[in-house]
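Numbered from 1 within each chain, the chains take letters A, B, ... in sequence-line order.
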Amino acid sequence: MKQFMTLLRKDLKIEFRTFDILSSMGIYAVLVLVVFGVAFMLGENSYDITPLASGLLWVLAVFTSLLGLNRSFNREREFSALEALLLSPLDRGVLFLSKVTANALFLSIVFVVAVPLFVFLFLQGGVQGNGVLAPSAPLVLAPLAVGILGIAGVGTLLATITLHTRGRDIMLALLFIPVIFPLLYSCVTASSMALLGISDSMVFLQTLGMGVGYDVIMILVGWMLYDFVLNG
Amino acid sequence: MASPSKKDPATPAVELQSLTRNFGVRTALNKLDLTLPAGAFLTIFGHNGAGKTTLLRILATIEQASSGEAKVLGFSTKTEADEIRARIGFISHQPLLYADLTAEENLLFFARLYGVENAQEKTRALLAKTGLASRSLDVARTFSRGMIQRLSLARALLHDPELILLDEPYTGLDPQGTETLNALIDEIRDERSFILVSHHLESGLERATHVLTLDKGRIQFYGTRNEYENFVDATGKTSKTSQKTSQCTGGQA
């Protein structure tokens with residue numbers, strides 16, 4: 001636990017000093033929202049975007065997180081700091097968990113800004129203004145939390161695997177999207193239900209449960225295999 | 001975390017038995033056998049690609065042997081890596097630090113990872129010893145090459161290691177930086193074992209008690225410094241090899 005906190009504090013300290021990950025993810029997220037907003041605003045007809053909202057939200061989540069994940073090991077690559085970590089008597093699983101936590105925190109911070117903007121632009125009388133939000137809409141935060149954790153877990157593992165590959169940015173995207181698909185399916189479906197109105201709460205919970213199961217399995221796999229991944 | 005045990009002078013610093021490392025079809029290290037006594041200063045010479053850095057990385061447990069066995073301070077690199085990591089210090093031509101942390105933050109971070117007691121005091125003492133006390137609050141990114149190397153040395157000494165591995169530490173250092181690094185090595189020389197990979201014949205031999213020369217992953221010579229000097233006198237070939245390597249300025253095995 002001590003090593004975990006030491007590693008996490010270090011990642012947070014460097015990020016809040018440089019804003020390397022947060023600034024790139026934040027600017028990208030806002031740009032995507034603005035572009036979508038302008039595109040919908042230019043249409044002659046008025047649309048109810050609510051049925052599409054879940055898809056828009058997860059397009060934003062996946063591509064924003066890819067940008068952050070690609071940068072999450074920059075500080076370890078520069079000055080060969082990762083080698084210094086590997087030289088220490090540090091449990092590799094702890095290193096994985098600390099990176100997952102840091103990445104999940106950074107994604108959460110970006111979504112704290114992006115989600116209200118998303119709601120304002122597309123769902124609450126912003127650009128279109130004709131969308132009707134279901135009373136269950138705030139429940140969209142549950143699939144978002146599950147999705148962020150899973151994206152951080154799988155993304156950290158894949159970012160480590162692609163760390164020393166040529167063209168690692170594109171390699172990470174190529175590996176990440178197929179691997180994350182079951183989680184995306186679960187989160188997009190659960191988000192749609194929340195935004196459009198939950199008719200059967202059991203179906204909503206089962207769909208969300210699939211995402212939670214995915215997160216648990218993938219984070220456990222990452223924790224167990226991290227030593228092997230780093231040595232490879 | 002494993003804490004360093006009392007040093008046993010009878011336990012060799014390094015023992016290699018048929019140590020082999022392959023990268024695909026290329027053999028980087030080919031059946032190396034040697035025993036380095038505790039407290040020795042071993043200098044490893046060899047051309048680029050001879051296997052020097054690969055050997056050092058296996059001893060540091062950041063790379064694994066393909067076959068054979070390597071023991072460091074009596075612990076197996078395969079099964080007791082954490083025991084070894086707690087007892088070795090590694091200095092490379094790479095900084096092995098965080099560029100965006102200050103000198104003090106870097107040392108405190110690594111001290112906590114190693115479970116060093118009185119981390120704050122130890123950090124301050126090492127910053128003073130390496131002449132970096134006045135720059136302790138500056139981020140490492142702003143340091144010169146010589147200062148980075150001194151900070152790297154401080155990081156490697158935080159947990160009071162029994163064996164120090166130096167992988168071409170003089171690369172990129174100016175004469176003053178080299179002098180400072182040598183002075184620091186001399187200061188911590190007692191009761192520790194050292195393994196130095198170097199391309200510089202003179203500086204490499206200066207502190208050596210033992211010498212190993214590698215050629216295409218095989219041991220060309222291993223013995224004490226006196227034996228090496230006799231070997232060089234007797235065989236002009238090795239002397240030429242060493243002179244050639246002394247002129248090289250970089251590259252990895």
Counting only heavy atoms closer than 4.5 Å, note whether [X] contacts chain A via side chain, backbone, both or neither.
X: B:E63; result: neither
X: B:I84; result: neither
X: B:A140; result: both

Original post:
Say you draw a straight line from CZ of A:F106 to CZ of A:F19; how long is it, rounded to the nearest 0.5 Å?
Top reply: 10.0 Å
Heavy-atom distance under 4.5 Å to chain B: side chain of [X], backbone, both or neither?
X: A:R77; answer: neither
X: A:L82; answer: neither
X: A:S88; answer: both

Taking side chain as C-beta onward, heavy atoms only, is [X] less than 4.5 Å from [Y]?
X: A:L8; Y: A:L12; result: yes
X: A:T18; Y: A:R75; result: yes
X: B:L151; Y: B:L107; result: yes

Original post:
For residues B:D138 and B:T102, is any side-chain donor paired with an opposing acceptor at under 3.5 Å?
Top reply: no
Subject >> Option passing side chain to side chain donor-acceptor pair (under 3.5 Å) with B:Y98 (candidates A:E78, A:K10, A:K13) >> reply: A:K10
**OP:** Tell me, please, whether B:F23 has B:R21 positioned over its six-membered ring: NZ or CZ under 6.0 Å from the ring centre and within 45 degrees of its axis?
**Re:** yes
Subject >> Contact leader toward chain A among B:T61, B:N106, B:L101, B:I88, where contacts are heavy-atom pairs under 4.5 Å >> reply: B:L101
**OP:** Name the member of B:R155, B:R112, B:E105 that forms the most heavy-atom pairs with chain A at distances under 4.5 Å.
**Re:** B:E105
Original post:
Any idea which of A:T6, A:L86, A:L87, A:I14 has the most non-hydrogen atom pairs under 4.5 angstrom with chain B?
Top reply: A:L87
